[in-house]
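Just so it is clear, the values below take in all heavy atoms, side chains as well, and ignore hydrogens, waters and symmetry mates.
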Amino acid sequence: MHLWYSLVDLLLPFEWMQYGFMKNALLGVLLVTPIFGLLGTMIVNNKMAFFSDSLGHSALTGIAIGVIVGNIFPFVEIKPIYSMLVFSVLITIAILVVKEANTASTDTIIGVFSSTAVALGLVILTRNGGFNKYSGYLIGDFLNISPSDLLTLGIVFVLVISLWVVIFNKLLLASMNPSLARSRGIKVKRYEYLFAIIMAVIVTISIQWVGILIISSLLIIPAASSRNIARNMRQYHIYSVLIALISGLSGLILSYFWGTATGATIVLITSGFFALTFVMKLRLGPG
């Protein structure tokens, strides 16, 4: 971290960047937003926006499970992030398993799981008025990110980028043309589960900084904006990452001066990008 602090002092000699929490937040934004930009492209392509939203909302139940375990076993200290991770992965697998049964449409299944998870989480956490200490997860706080959090993010960043490079082509084919993918020996179900679990882990880890209420927006809007103007798959990914990164940096700086929630400010800027690219798409026409 000392090297990072020295680099920031050299490249950004501004008064507002002299604080340790701003330097930490800046690094957090640089690690989180590119991941969101990448994953968002596949989410938009696969029409999984509702699914990503349900993961964010169900985080409340993950926190609640941690609280219950802590009450039953008071000698066991469980951080909310761990219980959220376990629950998010489990509910992701449950949604995919039920979806394969073809008893209802995908959006109906996701809606049932999401609504039930949110309700259960709220019932547990609001018991005896105890919800206030968890309300911070609703809006997140990028300025509260710690060096240990940054280490976790750094590891996740490297793993996701490495995995993306290895599986992207197969993942794209499996999502765009499952029949063709199967004919080429690609295990479509395996890649579907893998991507969904990756998404669950990223969403869960980032919730404490971005916020439950808007985390799906940060996943979807940069990719949706990029799709308005991209002419090919390479541009689609590059634009999405750039929009997410620029929005993240701008939102961090503006939230500092405005005194607003960083995650929400970032999302507002991504919304501005969507409006701009939408107008560009209308003027340029189909390409």
From CA spacing to verdict: side-chain contact (heavy atoms from CB on, under 4.5 Å), T270, L218: CA-CA 8 Å; T270 61; L218 192 55; 4.3 Å; yes

Please answer: with hydrophobic residues joined when any side-chain heavy atoms are less than 4.5 Å apart, are [X] and [Y] in the same cluster?
X    : Y    : result
V97  : V89  : yes
I93  : V98  : yes
M22  : F257 : yes
V241 : L163 : yes
M176 : M233 : yes

Does a donor on one side chain sit under 3.5 Å from an acceptor on the other, for S255 and T265?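 Looking only at side-chain atoms, T265 and S255 do not form any donor-acceptor pair under 3.5 Å.
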
Would you indicate whether F278, at its atom CZ, is surrounded by more than 12 heavy atoms from other residues, nucleotides or ligands within a distance under 6.0 Å?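 Open: at most 12 neighbouring heavy atoms sit under 6.0 Å from CZ of F278.
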
Check: S54 side chain, S114 main-chain N or O, donor-acceptor pair, under 3.5 Å: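 It does not hold such a pair.
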
Answer yes or no: is there a donor N or O on one side and an acceptor on the other, between the side chain of T41 and the main chain of L38, under 3.5 Å?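 Yes, T41 side chain to L38 backbone: donor-acceptor pair under 3.5 Å.
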
Checking side-chain contact (heavy atoms from CB on, under 4.5 Å) between [X] and each of [options], which is the one that passes?
X    : options                : result
S247 : L268, I266, V267, V29  : I266
F168 : V166, L171, L172       : L172
F273 : I243, N228, I221, L242 : I243

First locate atom [atom1] of [X], then atom [atom2] of [Y], and finally report the distance between them rounded to the nearest 0.5 Å.
X    : Y    : atom1 : atom2 : result
I167 : S162 : CD1   : OG    : 11.0 Å
F157 : L27  : CZ    : CG    : 10.0 Å
L55  : F113 : CG    : CZ    : 12.0 Å
L180 : S183 : CG    : OG    : 4.5 Å
L12  : I253 : CG    : CD1   : 8.0 Å
R182 : K189 : CZ    : NZ    : 8.5 Å

Work out which heavy atom in [X] is nearest to a heavy atom in [Y]; give both atom names and the distance.
X    : Y    : answer
A174 : A181 : CA-CB, 3.8 Å
A223 : V44  : CB-CG2, 3.6 Å
V160 : I198 : CG2-CG2, 4.5 Å
P13  : L10  : CD-O, 4.1 Å
S240 : G37  : OG-O, 2.7 Å
L219 : V203 : CD1-CG2, 3.6 Å

Should [X] and [Y] count as side-chain neighbours, where that means a heavy-atom distance under 4.5 Å?
X    : Y    : answer
D9   : Q18  : yes
L143 : Y19  : no
I238 : Q235 : no
L245 : P34  : yes
L125 : T61  : no
L3   : L7   : no
L30  : W4   : yes
Y236 : N45  : yes

Applying side-chain contact (heavy atoms from CB on, under 4.5 Å) to Y82 and I65, what does each step give before you reach the verdict? CA-CA 10 Å; Y82 298 137; I65 290 174; over 6 Å; no

Evaluate side-chain contact (heavy atoms from CB on, under 4.5 Å) for S146 paired with N24, printing each intermediate quantity in order. CA-CA 7 Å; S146 67; N24 292 341; 5.9 Å; no

For the pair Y256 and F21, name the ring-plane relationship: parallel under 30°, tilted 30 to 60°, perpendicular over 60°.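 It falls in the tilted class, 30° to 60°.
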
With side-chain contact (heavy atoms from CB on, under 4.5 Å) as the criterion, how do F36 and S206 come out once you've worked through the C-alpha distance, each side chain's angles and the decisive distance to 0.1 Å? CA-CA 10 Å; F36 274 49; S206 306; 3.4 Å; yes

